[in-house]
Each structure stands twice: as C-alpha cells, then as structure tokens.
There are 2 protein chains.
Amino acid sequence: MAPQLDGYFKQVDTLSDYFIERLRKAVAIPSISADEERRPDVVRMGEFLAAELSALGAEVQQRPLGKQPGKEHLELPPVVIARYGNDKKKRTILVYGHYDVQPAGKEDGWATEPFELTIDDKGRMFGRGSTDDKGPVLGWLNAIEAHQKAGLDFPVNLLMCFEGMEEYGSEGLDDFINAEAKNFFADADAVCISDNYWLGTEKPCLTYGLRGCSYYSVEISGPGQDLHSGVFGGTAQEPMTDLVRILASLVDTDGKIQIPGLAELVAPLTDEEKSLYGNIAFTMENLYESLGSTTSIHPDKERTLMARWRYPSLSVHGVEGAFSQPGAKTVIPAKVIGKFSIRTVPNMEPEDVDRLVFKYIDEQFQKLGSKNTCKCTLQHAGKWWVASPKHWNFTAASKAVERVWGVKPDLTREGGSIPVTLTFEQATGKNVLLLPMGSSTDAAHSINEKLDKKNYIEGIKLLGAYLHYVAEEPMVN
Amino acid sequence: MAPQLDGYFKQVDTLSDYFIERLRKAVAIPSISADEERRPDVVRMGEFLAAELSALGAEVQQRPLGKQPGKEHLELPPVVIARYGNDKKKRTILVYGHYDVQPAGKEDGWATEPFELTIDDKGRMFGRGSTDDKGPVLGWLNAIEAHQKAGLDFPVNLLMCFEGMEEYGSEGLDDFINAEAKNFFADADAVCISDNYWLGTEKPCLTYGLRGCSYYSVEISGPGQDLHSGVFGGTAQEPMTDLVRILASLVDTDGKIQIPGLAELVAPLTDEEKSLYGNIAFTMENLYESLGSTTSIHPDKERTLMARWRYPSLSVHGVEGAFSQPGAKTVIPAKVIGKFSIRTVPNMEPEDVDRLVFKYIDEQFQKLGSKNTCKCTLQHAGKWWVASPKHWNFTAASKAVERVWGVKPDLTREGGSIPVTLTFEQATGKNVLLLPMGSSTDAAHSINEKLDKKNYIEGIKLLGAYLHYVAEEPMVN
C-alpha cells in the first residue's frame, strides 16, 4: 500500500539538513505570545510561515483577530490559514498548530541559548518551540516540499490553521474557528492536530481523548478587614478555619473525591476498554521519573493510566488572600479564596458537576455552623473530549505509524486539556486526531526544551504517510 | 495624699501648648525603623530625645547596638538610656518606650500629612507616632519639666530606656536589657511601660497580662517539582490535599482547639477571676465595631474577654508554596507550608505546647496514610506574661488613674504580645506595669493614627501622679 511512500521517505532523508535549517530559522524568532514586547516577533513568525507557505504554492491568508482582550493597546497576532490543493476528488484534511512559544531566557537555567537551535551529539535539538509547536508545524510544510522535490502527487487537499496565541489561552481563536467552519474550513473531511507528545520515549501514540477541567473558587469572608491574631484570636470566627475544613472535605490522600454523585456521572469501564491499558507502553518507573518521587496513588500501571485518562480527579491549588510569604505573620485574613479544580471525563456534563459541587460545598459549610459567608463559583469549565479511534482518520494514522516506526501506536488519552480539539470537533462536526511528533522527555514549557532529530525527520515522514493512508482509507464513517 | 499634685496638674495645664509643640517636633521626624532610607531620621529622633533629656538635666547615653542582623550595611539606631535623679532614699522606676514609628505615607490614604501633627476641632492630634509611642515617651519628659517649672521635688529616681527599633522586632534590645539589668538598670524597683491602649475610649486601664505566641510551620512535600493537575491529577498524592486535612484538624469554627492535652495546661478559672470580667468597660458592640462584622464566637462580653485574655487560641494564617494569586492556575504544588500559631496563656509552658502540637500533627498525618513527607517546626515562641496587679506598682498607678480621671481603672490583659514586657520582668526580676496613655480608637499602625489632646495632657498628669503615688506606697512586695 501507498507505494509512493518509499520515494517520499528517501526525499525527506535527503532534505533532512535543509528541514533542520528551516526549524533553526523558526526557533530563532522569539515568538513569545505572553510577552508584550515580543509581540512583533510573534507577528514576524507568522509572516515567516506565510512566506514559506506561499513559496510552496499554498494559498495563504493572514487573518487578523482584533485587539487583545484586556490589553487593547495590543493587536492579536494573525491566524495564518492556508490551502494546499483543491482537488474535489481528494480528501481534505485540516491541520492545526501554533507558531507562538512559551517564554524562555538563559537566566531561567537553560544550558544553551533558548532561541538558537543547538544540536548535541545525541541528536537532541534544543531550542524554545522546537517541539512545541514549531517542529510539528514545519512538519506539514516539509511534507509538502518533499513531495514536490520527489515529483510525487500530494495525496490530499491540505487546509492549515496556525495560530500565534496558543500559549496565552488561544485568545480569539474559538470565534474564528466557529466562523470559518462553514467557510475556509468547510470541506474538511477530518482534523489532525500535532501538538502533544508520546506517552514515553520509544513508542508513538495516537491520542483520542482528553479530560475536561472545571475550576472553582470558594470564598469565605467575615470580618471587615484583616485582624491581628493576638487581639482577635479566640473571639472571631476565622474564615481560614472554615476554608481549610471545606477544602479538606473535597478529596482524600488517595484521590478519592468526596462529593456524592460525582462518581455516578462517570461512564462505566467496559471489559474491552479495561483490556486496552495493559498493552500501553508505560511503566511505573516512567511515572516515578516524571513525578520526581514515588508518591503515587496507585501501585500499578493500569490503574495509574485509568486515573489519568478516564477517571476524574480533584486538586486543591491554593488559597488567595491568606498569608503566603516565607516567614511568620500573625494575621487573621478577613477573606480567603480557596481554588480547586476537577478534571472531568465522559459522561460528566459540566452543569451536573457544578450542581453537585455547589450543593456539597453548601452542605459542608452549613455543617460548620459558621457566621461567616461562603460563596462557591465556577471560574471556568472546559469539557472533556473523546473521539472514536476506529474512524478512518485514526486507522490511517495507525498505518502510517506502523510504516514509519515499525510498531503499532498506543491508543492513548491525556489527563490535561487541549481546548482547541473540542472546538474543532464541535465546529466542523468531523473526527479529530491528535498525532504527536515529540516524546515525553521534550520538556515543552520547561527549560531545555528539545525535539529529537529522529522524531523530527521520522515525524515529517509520518505526517506525509498519514496523508497517503488517509487518501486510501475506504469512504466510511 | 500626694498634695503636691494639684500644683503639678496646674503646671501641666499651663504648659499644654508647649507640650503639644514638643510632640509636633517629634512627629515631624519620620523615624520609620522598617525603612532603610529613613534610618538617619530614626537616629535624628534619638538625638532629639537625648538633647531634650540633657536640657532637663538628665544623665543621658546613646548606646550603640551594632549592625542590623541580616542588613549588615545598616547600623542599628542607638538605645537612648537616661537617669533623672539619684537619691538613694527615693524609689527608682524604670520606664520604657520607643521613638521609632510604623511606615506612613499620604498615598496610603491618610487624610492629613502623616508627619505633620494636625489637630482637628475635636482635639484629635493626627500624626504618625502621636500615640505609638512618641506621645507616651514625651509624657515622661513633660512630667519632669512640669515638676521643674512648678518648683516641685521629683518624687522618684527615673531610669529611662527608649529604643528605636520596636516596630521592626526590637532588634538587639533583649541582649541590651539583659546586660544592663545589673548595670544601668540595677537599682530599678519596678518597671512601667506606656505602649498600649485602653480597652475602649472612655475608661483608663492598667494591663497586667499578655498572651504568648507559639508560631508553627507544617511542611508537606512529595513530588520533585510542581506538577500539572491535568497530567498528574488522580495519580499523585498531592501535598496540598494532605495539608488542608492537617490544618482542618487543628481548630473548629468556634475556636475550640482540637489538640489533646492543650486545654489541660491552662490555669483553671477561679471564681474570683471570673467575677472581674463583668465590670470591665467593654461591650459586644465594641467587639463588632472593631471586627467590622458580627462574626464573633461568643455572644457575651465575659466569655469574649476571657477568650481574648486568658484562654489560648489557634489561628491558621496561610499557606506558602501553593497558588495564591488571583485567577486560576492548574498547579499541583510540590511543597506546601501551612502556617498557624497558638496564643498561649498561664500555665502553658512553650515546650509542653510544642510537644503536644508535634505529637498531634504527626498522628493526624499518620492517619492520612500518605507517602508524602510531613515536617512540623516551631518558627518562634514568645511566652505569656502575667504580673501581680496587687503589687504597689499597680496600686500606685490605680490611685493615679482615680485622681486624674476620677474613675478606678479596669484591670485588663491583652490578647497580643509585647515581648519586651517579659524581657524586663525576667531581666530585672521586678514588677512590670503597662500604663496606657491612648485609647482604643487611636489607630496605631493604621492610617490616621492620632492621640487625643485630652489623653496626652491628662496622660502627662497621670504619669507624674503615678510617680508620686509610687513614692508613697508602703515598702512591701
């Protein structure tokens, strides 16, 4: 199948130094979306992408998103959208990536200059954005170019959507996607996003699920102002006393959420699903390494993966308004706000979660018999996402992985959220696939972010191969 | 008794404008001990005091305390010590005060310039340090001067100890007092400190007790670094989950400390002591006003005063290491440090309190069955202080209050600590009296600090009268 792939692969190998140079140019542009002063660099990075795409013959638009909410002196960087091919007989695949990066500075502890791609003798290509997400974004461009240079027909029509604000909450993107779903993106048959990572370092994966997140504040207030504990300790009901009791009632050390009714919302585990976890390339050692400790809840890999992917969890993040500095301060804070969030999974509807949380917090507070005031609010909710891994979009990707890496990919979910995934699914109504290029040790968002040369080059092959298998998949689903 | 007092009082009234001018000069020197840049002003304030005392004929020394710990580029301001009178037939009273002040700026919300004494039509003299503690300190100088101008014999030998670092932890003072207890302060018969406030606004008080404070940190750690709650929620035992459970186990909404054995350390309430609280000039309205709410623990004044003065209390102050900013962050903090303190009372020995606290926290943590690490440490301990209010030092002060204000003073304790009180008691072995000049509405440490003109002028009379009655008290105790 897909016999043209041998020629394609060979061409990618031939062009590998050139593709690395393209990545070097991209990494050299410090497109930090969170840093106002770097906004011109973010824009410059978008222009770089647009120019490269134009040179490859794609139809490119840089679409403005208006002013940045809350920072109206700043223009949001444009979304770069592009179309490569417009053959009605071919399938059309919409791919997403982002060209902005997390902040980085040598002073944070980087071993190399973060905006100079530096390759060590193990082939690790260090640089901010190398793996998140410039490598994968350029992967699509490289796949086009390798086809051209090898004289191969491109197997699909490719729609591209590359944004410049992903690391700052994808400001403005949802509205844009919703608006373009019936316009620029209208003939997409499926969506592919390459912006996550393998579960480990050896085995590729396809990701078909993400947990959602409902984030809550519980505010307890009483006194008119902060009090001195010497003067008022023992005479005033202290909001912090109430708050720690409320927070303590939410979850236990082993992660068991204490809110009645929440567990009942979770989709039951089927035998079929249960059987999948044993084969995933993941060990408890992997977990301990990433934790930096052995303070895990579960002793085995299956339950650990299920706890991460398919069961909800509740984390207490902190307290606003209380004393949080080093040292000692004898304050009775007048108003304290506890922050906690619940990672949600199928079939937990966010509204049902809210209802159960508010009811429980209210009951717990009533039990305290406090004269203080307790107010629980939802800060934000993002819904979980689960796709069907039996869709041709996944089947094609699976064949591509096997062809490039010689191994069937793990089918994984992730514990965190990538909100744009659900946005694309809901806006287009099409299957969405997460097809990672980098591995678990790439340190996205950390110092010394890297992408292995092998993951980049084989990743370019993978993206191209995926498109060929997409073209071959039968017209079902 | 003390017939000379009429002449003294008259002289104080005659000199009242002059005494207010002296306070104006002192307030004009911004002697903020916490502000490095104001250190020269603190020194200048000490020099002002020393010069005034010399002009009054006192023997004055400005004693250096060396470098400021942790800020070795800064010299601590000197302690101004002075002796007025050296007649072996007279009693010797050691008085303490401080000439430094809290920070203040118009931008904090002051209605007037904080370092310009501004008197309104109700006789309220606004200015930083007016009541805390420049007014009381100058009270002693004014008492000397009024005696001189009235041609009256000064009834006692007066030893004075005025420091310039009280608002910054009295750096270096304890060692100084301990060293001088058998030297400069050797012949003190009793100690008088005027650095606190009436319980209300109408009735003077003498203060004979202070609670102590034992301040604890409980640190819980597990993961090697902060974690993302999406990736690790449900798989890692979270230190914050454990910490809120530990903190929740310490005290309930009604202030009942849950640590076994602690209540048993508290001196039992006698009928005699119990009977004292009813007569104290204090109402629940006073409490609600100062709380800015009605979120009190006790419904009545007696239990409220006992809870403030003679029973321990436990306050949870906050959490270090967790998310404490506004907004939302989905972090699982790797190490969190809860801060709480216990206000201690007779007969709680700090070592016993530590032992019970450490044992309890350890038991509570064991109950959680957590793999995280829990470490509870004492940050600092200051012991409670209770003097005998039947000592001649108090009897004399009580007579002075009755003579000046026409009412018997309330005998009060305070919930907070004034550590120097215990230092003087332990170093000299003599009775210590707290004799406040200002009232509960003076707003020491806040914006718009003030001292009522009446409290200042009558307070000068009070300090002089106190010394006369001290001279007359029988030679017992």
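Here the structure is a predicted model, which means the values were calculated and not measured.
Using modelled atom types, no side-chain atom of A:R211 and backbone atom of B:V231 make a donor-acceptor pair closer than 3.5 Å. Judged purely by atom type and a 3.5 angstrom limit, A:Q237 has no side-chain atom pairing as donor or acceptor with the backbone of B:T294.
Of the listed residues (B:P239, B:P312, B:C213, B:S293), the greatest number of heavy-atom pairs within a distance under 4.5 Å of chain A belongs to B:S293. When each of B:D254, B:V316, B:T373 is checked for heavy-atom pairs under 4.5 Å with chain A, B:V316 comes out on top. For chain B, the option among A:G255, A:S217, A:S324 with the highest count of heavy-atom pairs below 4.5 Å is A:S324. Ranked by heavy-atom pairs under 4.5 Å with chain A, the list B:L247, B:L250, B:L210 is led by B:L247. For the set A:G321, A:G222, A:G233, the entry with the most heavy-atom pairs within less than 4.5 Å of chain B is A:G233. Residue with the most contacts toward chain B among A:G416, A:P326, A:S417: A:P326 (heavy-atom pairs, distance under 4.5 Å). Interface check for chain B: of the options A:G224, A:A248, A:A322, the most heavy-atom pairs under 4.5 Å are formed by A:A248. With chain B as partner, the option from A:M240, A:K329, A:H380 having the largest number of non-hydrogen pairs under 4.5 angstrom is A:K329. When B:S249, B:G369, B:G415 are compared by the number of non-hydrogen pairs under 4.5 Å with chain A, B:G415 comes out ahead.
Nearest heavy atoms, A:S370 versus B:T253: CB-CG2, 3.5 Å. Shortest non-hydrogen contact noted between A:I297 and B:A236 is CD1-O, 3.5 Å. A pairwise comparison of heavy atoms in B:S313 and A:G234 identifies CB-N, 3.4 Å as the closest pair. The minimum heavy-atom distance linking A:A328 with B:Q379 is given by the pair CB-OE1, 3.4 Å.
At a 4.5 Å heavy-atom cutoff, the contact between B:L314 and chain A is made by backbone atoms alone. At a 4.5 Å heavy-atom cutoff, the contact between A:L227 and chain B is made by side-chain atoms alone. Heavy atoms of A:I246 lying under 4.5 Å from chain B are absent altogether. For A:H445, no part lies near chain B; criterion is any non-hydrogen pair under 4.5 Å.
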Start with the C-alpha gap between A:F232 and B:S315, add the side-chain angles, then the distance that decides, and say whether side chain to side chain contact (heavy atoms under 4.5 Å, CB included) holds. CA-CA 10 Å; A:F232 292 97; B:S315 297; over 6 Å; no

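Residues of residues 303-311 of chain B having a heavy atom under 4.5 Å from any heavy atom of chain A, listed by number: B:T304, B:A307, B:R308.
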Residues 332-345 of chain A, side-chain donor-acceptor partners within the protein, below 3.5 Å, at least two apart:
unit_1	atom_1	unit_2	atom_2	d
A:K339	NZ	A:E320	OE1	2.8
A:K339	NZ	B:Q325	O	2.9
A:K339	NZ	B:G327	O	2.8
A:S341	OG	A:H317	NE2	2.7
A:R343	NE	B:S229	OG	3.4
A:R343	NH2	B:S229	OG	2.9

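Around atom NZ of B:K256, no more than 12 heavy atoms belonging to other residues, nucleotides or ligands sit under 6.0 Å away. Within 6.0 Å of CD on A:E289 lie no more than 12 heavy atoms contributed by other residues, nucleotides or ligands.
We find the CG-OG1 distance between A:D242 and B:T295 to be 9.5 Å, quoted to the nearest 0.5 Å.
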